[in-house]
Structures are given as structure tokens and as C-alpha cells.
Number of protein chains: 2
Amino acid sequence: METQQPVKSYDLSAAEERLTQMMKALGHPARMQIVRYLSANPQCITGDIVDVLPLAQATVSQHLKVLRDAGLICGTVEGTATCYCLDIDAVAWFREQVSSLFGG
Amino acid sequence: METQQPVKSYDLSAAEERLTQMMKALGHPARMQIVRYLSANPQCITGDIVDVLPLAQATVSQHLKVLRDAGLICGTVEGTATCYCLDIDAVAWFREQVSSLFGG
DNA sequence: CCCCTTTATCGTAAAAATACGATGATAAAC
DNA sequence: GTTTATCATCGTATTTTTACGATAAAGGGG
């Protein structure tokens with residue numbers, strides 16, 4: 001008995017799928033600005049990010065979740081606040097993948 | 001008289017906006033597969049790409065347009081077909097940007 | 001000229017992403 | 001215990017993306 005494949009498979013490796021998810025996460029101006037801000041301001045709080053973005057708090061929180069799900073950032077609860085920072089390992093992995101992408 | 005700014009500006013530089021558009025273009029499995037295929041098979045035709053993707057021809061053509069608009073690929077008409085290839089300058093630029101991204 | 005091949009575009013239906021106010025949840029301050 | 005501060009999640013409206021069939025456009029082949 002063969003294992004059933006999904007009807008529409010894009011035939012990407014696990015690494016490629018993860019890379020695609022990261023690309024998608026970074027493919028929105030708000031999230032690009034968030035990672036740029038986190039790069040310049042390591043260890044900052046949700047409210048700080050809300051202050052620099054022209055978006056409501058709920059929307060920023062949603063964008064942060066997308067970046068978290070992509071593994072690009074991690075947030076640790078600090079009392080009543082949440083401290084966010086770039087996941088340096090994930091960022092390093094992302095850069096490596098891009099370097100080797102397109103036959104690099 | 002001040003120049004009117006858009007109501008919601010994400011305060012990204014032109015380069016960052018271009019980078020974001022490229023990320024978005026690569027943030028879909030079909031398009032990631034297309035660039036991977038083009039990387040392995042330079043100079044191929046639309047039909048070749050249609051053959052390797054689980055999508056209709058119209059949909060693939062649409063995805064190709066997204067990659068063209070992002071500047072990642074370029075297509076030249078060859079008789080009744082269109083020959084696609086990666087834009088190596090754009091790809092190089094993309095890699096450089098990612099290398100220096102996140103304080104690289 | 002009439003087909004055939006190849007591809008882009010159009011129109012549109014369905015799905016996903018985006019944005020916001022309202023609400024809840026948790027911890028600190030008083 | 002009450003209040004305040006901070007943040008995530010819920011519900012939902014709007015917009016965008018995705019996908020497909022149908023159609024048009026354009027270059028050979030007969």
C-alpha cells in the first residue's frame with residue numbers, strides 16, 4: 001500500500017519549505033520593518049514596535065506571530081511585557097540558504 | 001507647500017521595498033519551485049515550467065508575471081514561445097542585500 | 001489561407017492575508 | 001483587592017492572492 005500524497009504537492013524539500021515560509025514572512029513591509037528595528041534594537045518590547053509602526057497594537061501582534069511562526073524571532077515574557085529579539089541561529093540559517101540558492 | 005505623504009508609510013527605503021517585493025515573490029511554493037527549476041535549467045520555456053508544476057498554464061503564467069514584476073526573472077519571446085531565465089544581476093543584488101540584512 | 005502551437009490576459013470564484021476594535025489574560029503597582 | 005499596564009487572541013470586515021477556464025494574440029507549417 002502506497003502512502004497517499006497530497007493532490008497538489010510542490011515538491012519542495014523541508015528546508016525549501018521552511019525557507020519559503022521565511023521569505024513570505026519577510027515579504028510584507030510591516031514585518032520587514034520589524035526585523036530591521038529588532039536588528040538595530042535587540043531586546044525590545046512589543047510596545048516599542050507598536051510605536052514605530054503605523055498600525056494598531058492588535059495588528060502588530062499579529063505580524064509578530066507570523067515572524068514567530070516562521071522562526072525568525074522569539075519572544076520571552078518579562079512580567080507583563082514580552083521581550084522580542086531576532087533568532088540569530090535562524091537568521092544565520094536563512095542567510096546560508098539564500099547564499100546557496102539559485103546555484104550560489 | 002509640503003509634498004503629500006501616503007497615510008500609511010512603512011518608512012522603508014527604496015532598496016528595502018524592492019527587497020520586500022522579492023521576498024514576497026519568493027514566498028510562495030510554486031514560485032520558489034520555478035526559480036529552483038530555472039537555476040537548474042537556464043533558458044527554458046514556459047511549457048517546461050508548466051510541466052513540472054501541478055498547476056494550470058494560466059496560473060503558472062500568472063506566477064511568472066509576479067517573478068518578472070519583482071525583477072527576478074526575465075522572459076524573451078522566441079517565436080511563439082517565451083524563454084525564461086533568472087536575472088543574474090538581480091539575484092546577485094538580492095543575495096548582497098540579504099547578507100547585509102539584520103546587521104550581517 | 002487555414003490550422004496548430006505557445007503563451008499572455010481576462011473574468012471570476014474561492015481562499016488567504018490584512019487590519020482593527022473589543023475582549024481576555026497576566027503581572028506589577030498601589 | 002483594586003487598578004493599571006502590557007500583550008495576545010477573538011470576531012469580523014475588507015482587501016489581496018490564488019487558481020482555473022475561456023479567450024485572444026502571434027508566429028510558424030501545411
Base, sugar-phosphate, or nothing for B/Ala81, non-hydrogen atoms under 4.0 angstrom?
-> sugar-phosphate

Whole-Å distance between C/dT9 C1' and B/Gln62 CD?
-> 10 Å

Looking at C/dA8, does its base get a donor-acceptor pair with the side chain of B/Gln57 below 3.5 Å?
-> yes

Which heavy atom in B/Met23 sits nearest to a heavy atom in B/Val98, and how many Å separate them?
-> CE-CG2, 4.0 Å

Short side-chain N/O contact to C/dA17 OP1/OP2 from A/Lys24, under 4.0 Å | yes

Rounded to the nearest Å, what distance is computed from the NE2 atom of residue B/His63 to the C1' atom of nucleotide D/dA19?
-> 8 Å

Ignoring backbone atoms, establish whether B/Thr80 has a side-chain N or O less than 4.0 Å from OP1 or OP2 of C/dT6.
-> no

Taking atom C1' of C/dA28 as reference, at what distance in whole Å does atom CD1 of A/Ile45 sit?
-> 12 Å

In whole angstroms, the gap separating C1' of D/dT14 from CG of A/Leu55 amounts to 15 Å

How many Å lie between CG on B/Leu67 and C1' on C/dT7, as a whole number?
-> 16 Å

Nearest to the side chain of B/Arg68 - D/dT9, D/dC20, C/dA8?
-> C/dA8

What does A/Thr46 touch in the nucleic acid at a heavy-atom separation under 4.0 angstrom: a base, only the sugar-phosphate, or nothing?
-> sugar-phosphate

With a 4.0 Å cut-off on heavy atoms, is A/Ala56 in touch with a base, just the backbone sugar-phosphate, or nothing at all?
-> sugar-phosphate

What is the distance, rounded to the nearest whole Å, between atom NZ of B/Lys65 and atom P of D/dT18?
-> 14 Å

Report the nucleotide, chosen from C/dT5, D/dC20, C/dA19, that has the shortest atom-to-atom distance to any side-chain atom of A/Thr59.
-> C/dA19

Whole-Å distance between C/dA19 P and A/Ile34 CD1?
-> 10 Å

So what does A/Thr82 touch, heavy atoms closer than 4.0 Å: a base, only the sugar-phosphate, or nothing?
-> sugar-phosphate

Pairwise distance CZ(A/Arg31) to NZ(A/Lys65) - rounded to 0.5 angstrom | 12.0 Å

Below 4.0 Å: OP1/OP2 of D/dA8 and any side-chain N or O of A/Tyr84 | yes

Step-by-step side chain to side chain contact (heavy atoms under 4.5 Å, CB included) determination, A/Leu67 to A/His63 = CA-CA 6 Å; A/Leu67 289 169; A/His63 281 304; 5.7 Å; no

More 5' along DNA chain C: A/Glu78 or A/Gly27, using each one's nearest nucleotide?
-> A/Gly27

Search all heavy atoms of B/Leu12 against all heavy atoms of B/Glu16 and return the closest pair with its distance.
-> CA-OE1, 3.4 Å

What integer distance in Å separates A/Leu64:CG from C/dT18:C1'?
-> 14 Å

Heavy atoms of B/Leu72 and B/Ala25 approach each other most closely as CD1-CB, 4.2 Å

Using a cut-off of less than 4.0 Å, is there contact between a side-chain N or O of A/His28 and OP1 or OP2 of C/dA19?
-> yes

